[in-house]
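So the structure is just underneath, and the comments pick up after that.
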Amino acid sequence: MSVNNIKANEALKNIKEIIPGFIVALVVGIVSMVFANIIPNVGAATISIFLGMFVGNVFLGQEVFQKGYKFSETDLLSYSIVLLGATLSISTLMDLGFNAILFVILQMSVTIVGALYIGKKLGFGDNFRYLMAAGNAVCGSSAIAATAPVIDADDKDKGIVITIVNVTGIFLMFLLPFLAGKLYNHETVQTSALIGSTLQSVGQVVASGAMVNEPVKDLSTIFKIVRVVLLVAVVFLFGHLKNKSNKDIIEEGVKDAKGGTVKVPWYVLGFFITCILFSANIISPDISAFCKQLSNKFEVIALAAIGLKVNIKHLIKQGKAVSLYGLFVGTLQVVAAIILIGILL
């Protein structure tokens, strides 16, 4: 059998494994959109998350669906972010201003220092603390995956940290819209800053922002993208903390790229490309409107998948020490964000 035939068979097998979970996420997303027409005050995004959690925990949480859920969450959400860029101009991004960028950098710095300090007090090793700091400060699982090889972390630490970071993010995903309502009456910039600078994964940011309203969802995503852009800097930081040279870190990055790990997710580049094309009027207003509609549809399906992947039993089973670590770091992030928003925004 030729190499091309082997690759084709692998691709076909992969598609077959994705289809069951994708169909479930698609159906949950469509049902959510229908319900949103009946109860518009709630919104399709919020409905899809909770309906997905119900369906996934009660009926369709089996392993056969998980690959499709992962595809629906990660890939569709990435496409959605690229399409979002086609609806925003460079001037919109520039409107964030210096204070907003400074806010993100300071928030990330506080998270990194705090995660390292808290982990040390709780007795965790260096690699575990570095992974917790990277995952919470930048972009969850992607940051952990990018940092792990640079600091020579083992798979066990990596798996535990990914779990606790995502668990923390799930709780904050529901808490922050409520908190922002009490503190800021859902004012767009402050609410978006709180959500976009605190939550761990891009999916959680989109989901939490969508629970408030569409402007908050979009601006929260932009705050989050600023954090993701800084991923490379964070990876270099932890590499140097492990006493590695720039050359060593870059070599690790090259090996990761060959192995399929990308330091900065591709959708960040895609977002900026479509944003530039829209700003240059290459993407017309009509196409931009279509991109916005398609982006929203992808988001609803992706959020359904996020809900479908939430395993409530698994959340309850987390060990006391790592749960406390996640709780303390999450609390620090929220408190720091509120203080910095009050000073800078």
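- Here the closest heavy-atom approach between residue Val104 and residue Phe223 is recorded as CG2-CD2, 3.7 Å.
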Side chain to side chain contact (heavy atoms under 4.5 Å, CB included) between Thr221 and Phe271, intermediate numbers included: CA-CA 11 Å; Thr221 303; Phe271 171 86; 5.8 Å; no

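- Between Val229 and Phe272, some side-chain heavy-atom pair lies under the 4.5 Å cut-off.
- Annotation: the span from Leu340 atom CG to Leu345 atom CG amounts to 8.5 Å, rounded to 0.5 Å.
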Apply the test side chain to side chain contact (heavy atoms under 4.5 Å, CB included) to residues Thr198 and Gln107: give CA-CA distance (whole Å), side-chain angles for both, the deciding distance (0.1 Å), then the verdict. CA-CA 8 Å; Thr198 304; Gln107 172 74 353; 3.8 Å; yes

For Leu76 and Lys297, what are the C-alpha separation, side-chain angles and deciding distance, and is it a side chain to side chain contact (heavy atoms under 4.5 Å, CB included)? CA-CA 9 Å; Leu76 289 185; Lys297 299 293 188 296; over 6 Å; no

Determine whether Phe59 and Phe54 satisfy the following criterion, ring pair (Phe, Tyr, Trp, His ring centres under 6.0 Å), listing intermediate values before the conclusion. CA-CA 8 Å; Phe59 302 110; Phe54 175 74; 5.7 Å; yes

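- Taken to the nearest 0.5 Å, the NZ atom of Lys121 stands 13.5 Å off from the CG atom of Leu116.
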Please walk me through it: do Phe174 and Phe50 pass ring pair (Phe, Tyr, Trp, His ring centres under 6.0 Å)? CA-CA 11 Å; Phe174 295 110; Phe50 286 104; 5.1 Å; yes

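- Rounding to the nearest 0.5 angstrom, the gap separating the CD atom in Gln190 from the CZ atom in Phe103 is 10.0 Å.
- How far CG of Leu230 is from CG of Leu237: 11.5 Å, rounded to the nearest 0.5 Å.
- Using a 4.5 Å heavy-atom cutoff, the side chains of Asp154 and Asn127 are not in contact.
- Screening Leu131, Val322, Asn136 for a side chain to side chain contact (heavy atoms under 4.5 Å, CB included) with Val161, the sole residue that qualifies is Leu131.
- By the 4.0 Å N-to-carboxylate-O rule, Lys292 lies close enough to Asp218 to be salt-bridged with it.
- Around NZ of Lys67, the count of heavy atoms belonging to other residues, nucleotides or ligands within 6.0 Å exceeds 12.
- Annotation: the span from Leu172 atom CG to Leu179 atom CG amounts to 9.5 Å, rounded to 0.5 Å.
- In this structure, Ala133 and Phe238 approach most closely via the heavy-atom pair CB-CZ, 3.5 Å.
- Across Ala44 and Val300, no two heavy atoms sit closer than the pair CB-CG2, 4.0 Å.
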Given Asn166 and Lys309, is the side-chain hydrogen bond (donor to acceptor under 3.5 Å, both in side chains) satisfied, shown in steps? CA-CA 11 Å; Asn166 282 311; Lys309 285 181 65 182; over 6 Å; no

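- Here the rule is side chain to side chain contact (heavy atoms under 4.5 Å, CB included) with Ile144, and of Lys158, Met132, Gln200 only Lys158 fits it.
- Within a 6.0 Å radius of OH in Tyr184, other residues, nucleotides and ligands contribute more than 12 heavy atoms.
- Here the OG atom belonging to Ser284 is positioned 11.5 Å from the CZ atom belonging to Phe290, to the nearest 0.5 angstrom.
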Working for side-chain hydrogen bond (donor to acceptor under 3.5 Å, both in side chains), residues Ser295 and Ser80: CA-CA 4 Å; Ser295 175; Ser80 172; 2.9 Å; yes

